[in-house]
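Since the structure comes first, as structure tokens, the remarks are kept for the end.
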Amino acid sequence: MMSESLRTRLDELEKVSSPARRGQRLEGVVAELFRQLHFEVRLNPGAARPRQTDVLASKAGEAYLIECKWRSDKATVDDIDSLRSRLRRTDRGVVGILVSFNGFSGSVLFDVEHHREQPVLLISGDELRLAADRRENLSDLLWRKKEALSTDGRVIVDEPLIKRRKTNRPIIKLPSAKESFLMANGAASSVVSCGGSLTTMLFAQYLADIDWVPAAGHGVTLDVTPAARNERELLGLLTMLANLGWVTSSASWSISQSTMSWHGIGPDAFAAELLRWKERARTPGAHHSEEISYFDRCDGGFYTLTANMAASRSRTTIAPSLSFQLQGIPLDTGPLLQLCRSAGIHHGVYFRPRDERSVRRHRGAAPLATDVNPICLIISPASGPQLKFDHWVTGMVIANPFHQVKGPSLPMDIPAQIGESEQLVCSLAHHHPNDGRQLAYHLDHIEDTSTSNAIVIRPVVDWTEPDRPAQDDVPPRLQDEPRSTDRRASS
């Protein structure tokens, strides 16, 4: 049965003068809404014997005992008490729902908030109309109501759209990266910028190979379209991911404009840089939008968060996407289910098999480029009582030897997108102390992986230590930074 017919049936019910007949027909509309969500629905079931109730809707892990009222007045505490007496005769875990087309008295809201040990969700006529029109996802509505009641002690009824998903819970602090960029002037920075283009390509210091398992196959993909309509909601989504344990300090990211790209490490640096859109919008030839790409590891694989975002005060997003690449379908899907529900997604999400290896490696008999010089270093704190230095060098930024090289001219099927960046943010194959040694660097190989909406590249630099007199103990030469800025560097 189509949702339009449900709305029509609701409109027709307003013409019925008998409250008893209206309520009875309302049961049928509510039952059909739950059937469309693949609940098993029974009218007047025996679950609450000896008394009858209107609807029992059940699905794996969920069960609702639903009472429907359509009177000229609002539902009262007596209606709540009646539903609760029936709930006490049901199995534990069954949640009550009171549907009242003309709303609820203030005493009902107070009672529900102060008796959370036996939860009852309240649905108004306006909310029912929105669900019948599919302007409101009923599964998401029920989830928000349960979360607000159990976690924040709030009753949600006729929630304004702008306030949705706001809670009284403290905001978790996003983790900071251990690594930082050491600029040519000796300052540390959380971000580097260089010439680029509008692209969802980004660099990573590490790629998880989900094919590194004994079984055959290439893993699975899970794509989720979160309800993140603007910058604030996108940052809220990142905070939610952090709160659920899906965010690590080693995340990498990029923000791309038409002629420039900004690359960084760490979720907190990403959140801070995202807010600086006005500075990026002032770059020459800036586009009216920018591409946002975020890459992180997770249990069993990795994921990307991508979106196109307006480079204007509205900061509206287009096509936000979470794309997970996993070794396989986890035995315990609970964490992914919790993530989807918290992001407002309750159906239409499926695992799909991957048809290619997750990590591609491009390595030749000789280095891809020799005599490369660092524009800046990527350093990480060193610890240990025997160490005589403060930081390890774990990566570097170099001039891109493939900049503006077209796809067919690239060696060994290296992704064509690599030519769009003026610089490469590289990992170091073998870390070395940042102790002033003079070293010779070369671009050893390139690794890449992809999700449904982004490509992630890991260029890998290695080094040799040529023979030299001891007094020549100087740091690696830092060349000038073409079109690169360190406006957020701090000494």
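- The CG atom of Leu182 sits 4.5 Å away from the CD1 atom of Ile379 when rounded to the nearest 0.5 Å.
- How far CZ of Phe270 is from CZ of Phe295: 14.0 Å, rounded to the nearest 0.5 Å.
- If you check the side chains of Glu422 and Asn400, you find no donor sitting under 3.5 Å from an acceptor.
- At least one side-chain heavy atom of Leu428 sits less than 4.5 Å from a side-chain heavy atom of Tyr441.
- Side-chain contact between Phe402 and Ile414 is present, with heavy atoms from C-beta onward closer than 4.5 Å.
- With contacts defined as side-chain heavy-atom distances shorter than 4.5 Å, the pair Val220/Arg352 does not qualify.
- Using a 30° and 60° split on the angle between ring planes, Phe39 and Phe34 fall in the perpendicular class, above 60°.
- Separation of atoms NE2 (His347) and CG (Asp140) is listed at 9.0 Å; rounding is to 0.5 Å.
- Under the 4.0 Å criterion applied to side-chain N and carboxylate O atoms, Arg357 and Asp209 are assigned as salt-bridge partners.
- Taking SG of Cys340 as the start and CG of Leu222 as the end, the distance is 5.5 Å to the nearest 0.5 Å.
- Across all non-hydrogen atoms, the minimal contact from Ser190 to Trp253 is O-CZ2, 4.2 Å.
- Taking the charged nitrogens against the carboxylate oxygens, Arg315 and Glu290 do have a contact shorter than 4.0 Å, which makes a salt bridge.
- A donor and an acceptor atom, one from each side chain of Ser250 and Arg297, are located under 3.5 Å apart.
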Assess the residue pair Ile265 and Ile378 against the criterion (side-chain contact (heavy atoms from CB on, under 4.5 Å)); give the C-alpha distance rounded to whole Å, side-chain angles, the decisive distance to 0.1 Å, and a yes or no. CA-CA 10 Å; Ile265 308 170; Ile378 300 174; 4.2 Å; yes
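- Residue His288 holds its NE2 atom at 8.0 Å from CG of Asn308, rounded to the nearest 0.5 Å.
- The pair Asp413-Arg360 does not count as a salt bridge, with every side-chain nitrogen at least 4.0 angstrom from each carboxylate oxygen.
- Counting heavy atoms from C-beta on, the side chains of Leu305 and Leu234 come closer than 4.5 Å.
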May I have the step-by-step check of side-chain contact (heavy atoms from CB on, under 4.5 Å) for Ser256 and Ser261, ending in yes or no? CA-CA 4 Å; Ser256 297; Ser261 293; 3.3 Å; yes
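- At least one side-chain heavy atom of Leu410 sits under 4.5 Å from a side-chain heavy atom of Ile418.
- Comment: Glu273 engages Arg280 in a salt bridge, judged by a side-chain N to carboxylate O separation of less than 4.0 angstrom.
- Note that the CD1 atom of Ile123 and the CD1 atom of Ile156 stand 12.0 Å from one another [nearest 0.5 Å].
- A donor-acceptor pair is defined here as one N or O able to donate and one able to accept, closer than 3.5 Å; such a pair exists between the side chain of Trp143 and the backbone of Arg341.
- Nearest heavy atom pair, residue Leu443 against residue Pro459, reads CD1-CB, 4.1 Å.
- The closest donor-acceptor contact from the side chain of Trp463 to the backbone of His430 lies under 3.5 Å.
- Donor-acceptor pairing under 3.5 Å is recorded for the side chains of Arg354 and Gln325.
- In this structure, Asn137 contributes its side chain and Ser139 its backbone to a donor-acceptor pair below 3.5 Å.
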When you look at Leu424 and Ile457, which way does the side-chain contact (heavy atoms from CB on, under 4.5 Å) test go after all the steps? CA-CA 9 Å; Leu424 301 181; Ile457 296 179; 6.0 Å; no
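- In this model, a donor atom of one side chain and an acceptor atom of the other lie less than 3.5 Å apart for Ser427 and Arg458.
- Using a 4.0 Å cut-off between charged side-chain N and carboxylate O, Arg144 and Glu136 make a salt bridge.
- Without hydrogens or angle criteria, Thr304 side chain to Ala454 main chain gives no donor-acceptor distance under 3.5 Å.
- In this structure, Glu62 contributes its side chain and Lys59 its backbone to no donor-acceptor pair below 3.5 Å.
- Of all non-hydrogen atoms in Ile345 and Pro226, the two that sit nearest each other are CD1-CA, 3.6 Å.
- No donor-acceptor pair under 3.5 Å is formed between the side chain of His442 and the backbone N or O of Asp444.
- Minimum heavy-atom separation, Asp211 to Ser358: OD2-N, 2.6 Å.
- Smallest separation of non-hydrogen atoms from Glu179 and Thr394: CG-OG1, 4.0 Å.
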Trace of the side-chain contact (heavy atoms from CB on, under 4.5 Å) decision for Thr283 with Trp262: CA-CA 12 Å; Thr283 58; Trp262 289 258; 3.9 Å; yes
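- Between the side chain of Arg116 and the backbone N or O of Leu149, at least one donor-acceptor pair lies under 3.5 Å.
- Between the side chains of Ser197 and Thr199, no donor-acceptor pair is found at a separation under 3.5 Å.
- A donor-acceptor contact closer than 3.5 angstrom is absent between the side chains of Thr200 and Asn453.
- Under the 4.5 Å side-chain criterion, counting only non-hydrogen atoms from C-beta, His391 is not in contact with Asp435.
- For the residue pair Asp448/His362, the side-chain donor-acceptor check at 3.5 Å is satisfied.
- The ring of Trp246 has its center closer than 6.0 angstrom to the ring center of Phe324.
- Side-chain contact check for Asn230 and Thr316: no donor-acceptor pair (N or O, by modelled atom type) lies under 3.5 Å.
- Looking at Thr317, its side chain does come within 3.5 Å of a backbone N or O of Arg229 through a donor-acceptor pair.
- Between the Ser150 side chain and the Lys146 main chain, a donor and an acceptor come within less than 3.5 Å of each other.
- Residues Thr248 and Asp296 bring a donor and an acceptor atom of their side chains to less than 3.5 Å of each other.
- Across all non-hydrogen atoms, the minimal contact from Gln205 to Cys426 is NE2-O, 3.3 Å.
- Side-chain contact between Leu138 and Leu37 is present, with heavy atoms from C-beta onward closer than 4.5 Å.
- No donor-acceptor pair closer than 3.5 Å links the side chain of Lys178 to the backbone N or O of Ser380.
- By the 4.5 Å heavy-atom criterion applied to side chains, Leu244 and Ser342 are counted as neighbours.
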